[in-house]
Amino acid sequence: SCDWDRLRFTLDDGLSRAVREVFVRLHEDGLMYRGERLINWCPRCLTALSDIEVEHEDHNGKLYHIVYPVVGDEAATLTVATTRPETMLGDTAVAVHPDDPRYKHLIGKRARLPLTNRELPIVGDAILVNREFGTGAVKITPAHDFSDFEAGERHGLPRLAILDMHGKLDAEGLRTAEVDAAVIHDIADLPVLKARPKVEQRLKETGSLTKVENHKMALGRCYRCKTVVEPFLSPQWFVKIAPLAEPAIRAVEEGRIRIVPEGWVNNYLGWMREIKDWCVSRQIWWGHQIPAWYCRTCHGSSLQQRADGSWIIPSDARPIVSRTEPTACPHCNGAALLRDPDVLDTWFSSALWPFSTLGWPDETAELRRFYPTSTLVTGLDILFFWVARMIMMGLRFTGDVPFRDVYIHALVRDAEGQKMSKSKGNVIDPLHVMHQYGTDALRFTLASMASPGRDIKLAEERIEGYRNFANKIWNAARFILMHLEGEREAAPPSGRSFADRWILSRVNHAVQQVTTSLEQYRFDQAASHLYHFIWHEYCDWYLELIKPALQTESDEARRTRHSLVESFDAILRLLHPFMPYLTEEIWQKIPHQGDSIMLQPFPIRRSDWDAKDAETRFEVLSKFVSTARLGRALLNIPPGQRVTLYGTSTDAEELDTLTHLRPSAELLSKAALRLQPVPDWPTERVLRLAEERLSVGLAVEGDVDLNKTVGRLAKQRQDLAKEVARIEAKLANASFTSKAPREVVAEHEERVRSLKHEAAILASSEEQLSRMGGS
RNA sequence: AGGCGGAUAGCUCAGCCGGGAGAGCGCUGCCCUUACAAGGCAGAGGUCACAGGUUCGAUCCCUGUUCCGCCUACCA
């Protein structure tokens, strides 16, 4: 009851214009043709279906073995196996493998088709026939099976359609196929599943059915109505694809288009090399209507109208393809024209997207400026359906690739690794996740899990972890805002404190790492760099280091506040693509210029922020503090309790650093630090620890249970000894020292030295502590 | 069936142009130290699926096997 035509896109918008233009040009170039080909057909929706619109599902079917007598050789028979006995009525040949000793002498003879009055040629076909499967003989039904259709083309076989568009046995077709009248009477107008048992019965009666066995197979169903699809011979529009595919293959082979990750290149090339002509017509209501008309005068009664008012246009009808609606037939000048009722496959207009959106076919400024685009981001599932077609159409109609890079992102799967689908009901609702953990947390999670070539199993713990990260940043922002009340003073980096110079240098480093990762489409690496830098360098160390300065009203405090704003602003801009909401919210609150962080430039490395010396000194400081904290943990001293520390290093520069950074070292280890050579340390009640060239002593005060401490020291010493033994064994191996690169050998030797140093100090301190613990 | 990918800490995953095994979550111990307990500090935990091969040396390279996942084709 719908007006078939009125549901079409009829607006004269740019996209429709581009679609018509492309259609007409392809037709003019002989690449757009009408033909009668097998397509996946939904007998209920009465439309062609593309591959993506067919859902496959496992099905327990049956395999029927049917005997075909060989003509002129009463002793010989051929037994074929089929899952669809009803289609045997449309057979036009039987195939065997040309090298199969059982059958090859039969090639060229004829077989009699049961239940009909026909004889079939026996052909040899190495492509269709798998000698191992079934009986090694295959029936060929070109009108109802894809492989058979192609085999039919190879052998020039006729196509006998015995099913109509509704998937019912067609009386007219059956008569053409010379099926026995009684059989026709049985099955005419029955749907396939009802006709099958009747055919089975008839075959039994004639003794043609020798065996029925269970057989697992896959059934295709229409994605809309779940009806089993039927390979169906019908008039459709096709695009001749080889001349389009060839340049698209070259573009990727020659690197004019880069597919990231590279692993998918072979998939793309393999698919493109085997691509078949593209059926672009669809018998559905929505879509761009095909710009073709037919003259009713010329074609007369060959144009038939169905009961629902739609038209059937035979494949040999002569279309008038035109950019605008024609008023008269160019042959007979008749004015009675009928527009093709079909619409185009949705991927047809999608394929034009990169240039149709920019005003093509007009030579617009936008087209010149934005075509080709830099990167197309998409999922693997539409690499072929969309991306490949954009490449083909782009190359054909603009002469240039539509984009330089194609980034294939991961697919998010459920916790079991299954693809999410509405019909399976395993869809994770992003709105729900966003409500629970925050949009930025979800976004950051997806970025962090986007390792190339691997799908994402969405795990809630990960999202929760990044929710905590967002929270950490929020708290850092609170801290910063709390301490920005005083004045700020700009100073050249060289005039700033150690902590400021260090963090600016580390910001540079982070900028570099994140930028490099992004350029390589390594969103996971970029996210991980950001996470680690912000949490474990900026928050854990920098914000702690500057706390004393912020308490004062000094030049240092004013400069520190300035550095704080500078560094935090850079960090927010760096993080903004990953956590847009949080960063905007915070950025608006800190001192800033401009309306939105979205409009700020992405940070770039500033050479004046580089401070290699500060970074080196920081390494020493953090090594010292960590060792001191380990000592605290060993002695079970609460973090709040002040302790006395002794420190020194066998390295002069390290010692110098400790001397300069003593206040910071004392702050972070909550201690009074005495920098003295080891011999000057008290001989009693000191826990001695070592980290490479560094030695740290911790005064033991009060009553402490040292047994646990001694036990842990012993275990550490044993681990060290094992490691030393392993490396020394390697160094004792002559072929290692002679064949390994010199740096590697030197590195091993250095490691042994420093491990032995650590072990020696542990041993002495273990010995001391056991004496103390014993008292 | 063919193609591709995976198998690393209890879980989710990094690492792998060959030389000391990592993160997050979970777990253990100590801490509510005025940004943050959705936190801080420290720690335990792994014959890097299995079997061969190449190499001075293999989680990493090669071959094979097993298991898992995905894509394609569907087997008459």
Side-chain angles (χ1 to χ4, degrees), chain A residues 51 56 63-64 80-84 87 95 128-130 132-141 145-148 151 215-220 263-264 266-267 270-271 274 380-381 383-384 411 413 415-419 437 445 448-449 451 453-483 524-525 528 531-532 536 539-540 543-544 547 625-626 629-641 669-670 708 712 715 723 726-727 730 733-741 743-745 747-748 751 755:
Chain A
D51 295 342
H56 290 274
L63 196 57
Y64 301 81
V80 304
T82 178
T83 55
R84 302 196 57 188
T87 63
L128 182 69
V129 179
N130 172 1
E132 272 76 56
F133 189 91
T135 59
V138 195
K139 69 191 198 65
I140 301 182
T141 321
D145 181 279
F146 291 104
S147 317
D148 291 7
H215 181 68
K216 278 216 172 98
M217 51 191 277
L219 273 187
W264 302 121
N266 283 338
N267 262 19
W271 189 80
E274 283 177 33
L380 181 68
D381 46 347
L383 177 63
F384 307 134
L411 242 46
R413 299 178 182 279
E416 271 81 50
Q418 301 283 309
K419 189 167 167 175
Y437 299 104
T445 306
S448 76
M449 298 191 78
S451 306
R454 194 164 167 150
D455 284 343
I456 294 175
K457 275 197 268 175
L458 200 55
E460 243 179 59
E461 310 84 68
R462 275 300 267 275
I463 309 175
E464 198 178 337
Y466 293 121
R467 186 270 315 266
N468 295 352
F469 178 52
N471 192 241
K472 183 79 181 177
I473 296 165
W474 182 253
N475 282 314
R478 280 180 50 214
F479 169 81
I480 290 166
L481 286 169
M482 199 177 290
H483 290 91
D524 58 326
Q525 281 182 1
S528 147
Y531 183 94
H532 184 266
H536 298 301
C539 292
D540 285 354
L543 294 184
E544 294 303 322
K547 275 179 180 173
V625 171
S626 300
R629 284 171 177 168
L630 173 62
R632 273 180 177 280
L634 284 172
L635 294 174
N636 225 356
I637 301 171
Q641 190 180 323
S669 44
K670 193 124 188 172
K708 245 165 64 182
R712 277 178 69 176
K715 183 179 184 304
E723 183 69 4
R726 201 180 61 81
I727 302 171
K730 235 172 139 179
N733 184 343
S735 53
F736 170 69
T737 46
S738 61
K739 292 190 181 174
E743 316 84 81
V744 174
V745 177
E747 196 190 322
H748 278 66
R751 220 156 65 217
L755 288 174

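The chains referred to below are lettered A, B, ... by the order of the sequence lines, with proteins before strands, and numbering in each begins at 1. FYI, side chains are in, hydrogens and waters are out, and symmetry mates aren't considered; it's all heavy atoms of this structure.
Nucleotides B/rC4 and B/rG43 place their P atoms 45 Å apart, quoted to the nearest Å. Nucleotides B/rG40 and B/rA23 place their P atoms 15 Å apart, quoted to the nearest Å. For the C1' atoms, the distance linking B/rA38 with B/rC61 amounts to 44 Å, nearest Å. Nucleotides B/rC62 and B/rU54 have their P atoms positioned 15 Å apart, rounded to a whole Å. Rounded to whole Å, the P atom of B/rA51 lies 23 Å from the corresponding atom of B/rC56. Remark: the separation of the P atoms in B/rC68 and B/rU63 is 23 Å, to the nearest Å. Taking the P atoms as reference points, B/rA14 lies 25 Å from B/rA58, given to the whole Å. Separation of the C1' atoms belonging to B/rA42 and B/rU33 is 16 Å when rounded to the nearest angstrom.
Residue contacts shown for A/Gly136 include a base, since a base heavy atom lies under 4.0 Å away. Within the 4.0 angstrom heavy-atom criterion, no nucleotide atom of any strand lies near A/Ala470. At the heavy-atom level, A/His748 lies under 4.0 Å from the strands shown only through sugar-phosphate atoms. Looking at heavy-atom distances under 4.0 Å, A/Glu723 makes contact with sugar-phosphate atoms alone, never a base.
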* To do: For nucleotides 34-44 of chain B, just jot down a letter per nucleotide in 5' to 3' order: B, S or -, based on protein non-hydrogen atoms under 4.0 Å.
  => -BB-BSBSSS-

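Atom CH2 of A/Trp264 and atom P of B/rG5 are 8 Å apart (whole Å). A straight line from NZ of A/Lys739 to C1' of B/rG18 spans 16 Å, rounded to a whole angstrom.
Taking for each of A/Ser735 and A/Ile637 the nucleotide of RNA chain B with the nearest heavy atom, the 5'-most of the two is the partner of A/Ile637.
Interatomic distance, CG of A/Asn475 versus CD1 of A/Ile480, reported as 11.0 Å (0.5 Å rounding).
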Is there any protein nitrogen or oxygen under 3.5 Å from a nitrogen or oxygen in nucleotides 13-15 of chain B, and what are the pairs?
{"residue": "B/rC13", "atom": "OP2", "partner": "A/Lys457", "partner atom": "NZ", "Å": "3.4"}
{"residue": "B/rA14", "atom": "OP1", "partner": "A/Ser451", "partner atom": "OG", "Å": "3.3"}
{"residue": "B/rA14", "atom": "OP1", "partner": "A/Arg454", "partner atom": "NE", "Å": "3.3"}
{"residue": "B/rA14", "atom": "OP2", "partner": "A/Arg454", "partner atom": "NE", "Å": "3.3"}
{"residue": "B/rA14", "atom": "OP2", "partner": "A/Arg454", "partner atom": "NH1", "Å": "2.6"}
{"residue": "B/rA14", "atom": "O5'", "partner": "A/Ser451", "partner atom": "OG", "Å": "3.2"}
{"residue": "B/rG15", "atom": "OP1", "partner": "A/Arg522", "partner atom": "NH2", "Å": "3.0"}

Is there any protein nitrogen or oxygen under 3.5 Å from a nitrogen or oxygen in nucleotides 73-75 of chain B, and what are the pairs?
none

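Counting heavy atoms from C-beta on, the side chains of A/Leu63 and A/Thr83 come closer than 4.5 Å.
Applying the side chain to side chain donor-acceptor pair (under 3.5 Å) criterion to A/Tyr437, with sequence neighbours excluded, gives A/Glu460. Listed by chain and number, the residues in a side chain to side chain donor-acceptor pair (under 3.5 Å) with A/Thr87 are A/Lys139 (sequence neighbours excluded).
Stem regions for RNA chain B, each three or more consecutive Watson-Crick or G-U pairs with both distances under 3.5 Å and listed by first number, read B:1-7 with B:66-72, B:10-13 with B:22-25, B:27-31 with B:39-43, B:49-53 with B:61-65.
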